[in-house]
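One structure below.
Just the heavy atoms: all of them, side chains too, but no hydrogens, waters or symmetry mates, feed the values below.
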Amino acid sequence: QVQLVDSGGGLVQAGDSLTLSCVASERPYGNYVMGWFRQAPGKEREFVAAIRWIGGTTSYADSVKGRFTISRDNAKNTVYLQMKSLKPEDTAVYYCAAARRLTLVTTRSEYGYWGQGTQVTVSS
């Protein structure tokens with residue numbers, strides 16, 4: 001069973017950059033998809049980005065395309081979310097997640113493993 005620990009959140013100003021990290025307790029062998037979701041106060045948890053562990057293909061929510069980049073480091077069992085040009089509306093708790101799937105998935109219910117979440121606050 002994969003355990004995920006996400007970190008890297010903080011308080012930044014609009015326009016700043018921040019990189020989140022997600023360390024997996026073991027290398028996700030096989031067909032795993034790693035994703036990032038976020039949840040703002042009073043809102044549903046929403047998809048942000050995903051990457052196939054094998055192959056590295058990616059998918060992004062429209063709201064973050066061109067600003068966020070998801071990547072993985074096989075040697076470190078780590079997935080990153082690089083966030084640039086941050087906006088106040090990016091403020092949320094960000095969660096790393098893993099899904100045992102062949103293809104990229106963006107639905108929360110597809111992911112069976114979750115990190116504890118890390119807070120990102122963007123001030124205007």
Side-chain angles (χ1 to χ4, degrees):
Q1 182 171 341
V2 176
Q3 294 182 327
L4 306 173
V5 178
D6 38 37
S7 63
L11 172 62
V12 297
Q13 294 186 331
D16 284 352
S17 299
L18 201 61
T19 297
L20 306 182
S21 300
C22 172
V23 180
S25 58
E26 59 187 62
R27 182 168 300 175
Y29 288 106
N31 295 308
Y32 269 93
V33 172
M34 304 299 293
W36 285 97
F37 287 74
R38 66 186 182 187
Q39 187 167 17
K43 294 188 176 181
E44 295 288 319
R45 192 172 300 186
E46 65 175 4
F47 169 77
V48 175
I51 185 169
R52 288 191 66 215
W53 196 268
I54 297 175
T57 51
T58 59
S59 177
Y60 296 92
D62 288 342
S63 59
V64 306
K65 277 181 182 176
R67 299 188 299 122
F68 290 11
T69 302
I70 188 171
S71 61
R72 83 260 191 262
D73 185 329
N74 290 344
K76 296 182 179 180
N77 296 350
T78 301
V79 175
Y80 302 98
L81 184 68
Q82 295 176 288
M83 306 184 291
K84 298 180 180 179
S85 303
L86 282 162
K87 306 175 182 179
E89 50 264 44
D90 293 319
T91 295
V93 178
Y94 283 70
Y95 296 89
C96 174
R100 295 196 67 177
R101 295 290 184 271
L102 283 170
T103 57
L104 287 169
V105 289
T106 62
T107 306
R108 176 183 175 180
S109 60
E110 298 278 0
Y111 289 80
Y113 307 97
W114 292 86
Q116 80 285 1
T118 184
Q119 176 72 48
V120 173
T121 303
V122 184
S123 64
S124 57

Measure from the side-chain N and O atoms of Arg45 to the backbone N and O of Arg108, and report whether any donor-acceptor pair falls under 3.5 Å.
no
Are side-chain heavy atoms of Val23 and Lys76 found at a separation under 4.5 Å?
no
Could you tell me whether the side chain of Met34 reaches within less than 4.5 Å of the side chain of Leu4, counting heavy atoms only?
yes
With a cut-off of 6.0 Å (strictly less than), are more than 12 heavy atoms of other residues, nucleotides or ligands near CD of Gln116?
yes
Looking only at heavy atoms, which two atoms of Val105 and Ala50 are closest? And how far apart?
O-CB, 4.0 Å
Check salt bridge (Lys or Arg N to Asp or Glu O under 4.0 Å) between Asp90 and all other residues, then give those that pass, not counting sequence neighbours.
Arg38, Arg67
Could you walk me through whether Tyr60 and Thr69 pass side-chain contact (heavy atoms from CB on, under 4.5 Å), step by step?
CA-CA 8 Å; Tyr60 296 92; Thr69 302; 3.8 Å; yes
How close do Ser124 and Ala14 get, counting heavy atoms only, and between which atoms?
CA-CB, 4.3 Å
Compare all side-chain heavy atoms of Leu20 with those of Thr118 and state whether any distance is below 4.5 angstrom.
yes
Would Glu110 and Arg101 satisfy side-chain contact (heavy atoms from CB on, under 4.5 Å), going step by step from the backbone distance to the final call?
CA-CA 8 Å; Glu110 298 278 0; Arg101 295 290 184 271; 2.6 Å; yes
Is any side-chain heavy atom of Val122 closer than 4.5 Å to a side-chain heavy atom of Asp16?
no
Is there a side-chain contact between Lys84 and Phe68, using heavy atoms and a 4.5 Å cut-off?
no
Exactly one of Phe47, Trp36, Phe37, Tyr32 clears ring-ring contact (aromatic ring centres under 6.0 Å, His included) with Tyr111, and that residue is Phe37
Would the distance check show the side chain of Ser123 and the main-chain N or O of Val12 forming a donor-acceptor pair, the cut-off being under 3.5 Å?
yes
According to a 4.5 Å side-chain heavy-atom criterion applied to Ile, Leu, Val, Met, Phe, Trp and Tyr, with indirect links allowed, do Tyr95 and Val33 form part of one hydrophobic cluster?
yes
Distance-only, no hydrogens or angles: does the Thr121 side chain make a donor-acceptor pair with backbone N or O of Leu11 under 3.5 Å?
no
Give the minimum heavy-atom separation between Arg72 and Gly56, together with the two atoms involved.
NH2-N, 3.7 Å
May I ask you to check whether Thr91 and Glu89 show a side-chain donor-acceptor distance below 3.5 Å?
no
Using side-chain contact (heavy atoms from CB on, under 4.5 Å), reason through Val79 and Ile70 one step at a time and then give a plain yes or no.
CA-CA 7 Å; Val79 175; Ile70 188 171; 3.9 Å; yes
Determine whether Leu86 and Leu18 make a side-chain contact, defined as any pair of heavy atoms from C-beta on separated by less than 4.5 Å.
yes
Quick one, Leu104 and Arg52 - any side-chain contact, counting heavy atoms below 4.5 Å?
yes
What pair of heavy atoms forms the shortest contact from Ser17 to Ser85, and how long is it?
OG-N, 4.4 Å
Given Val120 and Met83, is the side-chain contact (heavy atoms from CB on, under 4.5 Å) satisfied, shown in steps?
CA-CA 10 Å; Val120 173; Met83 306 184 291; 4.0 Å; yes
Distance from Ser7 atom OG to Tyr94 atom OH, nearest 0.5 Å?
15.0 Å
If I compare all heavy atoms of Thr78 with all of Trp53, which pair ends up nearest, and what's the gap?
N-CH2, 3.8 Å
Heavy-atom donor-acceptor pair, Asp6 side chain to Cys96 backbone, under 3.5 Å
yes
Give the cluster check for Tyr113 versus Tyr80: same hydrophobic cluster or not, with ILVMFWY residues linked at side-chain heavy-atom distances below 4.5 Å.
no
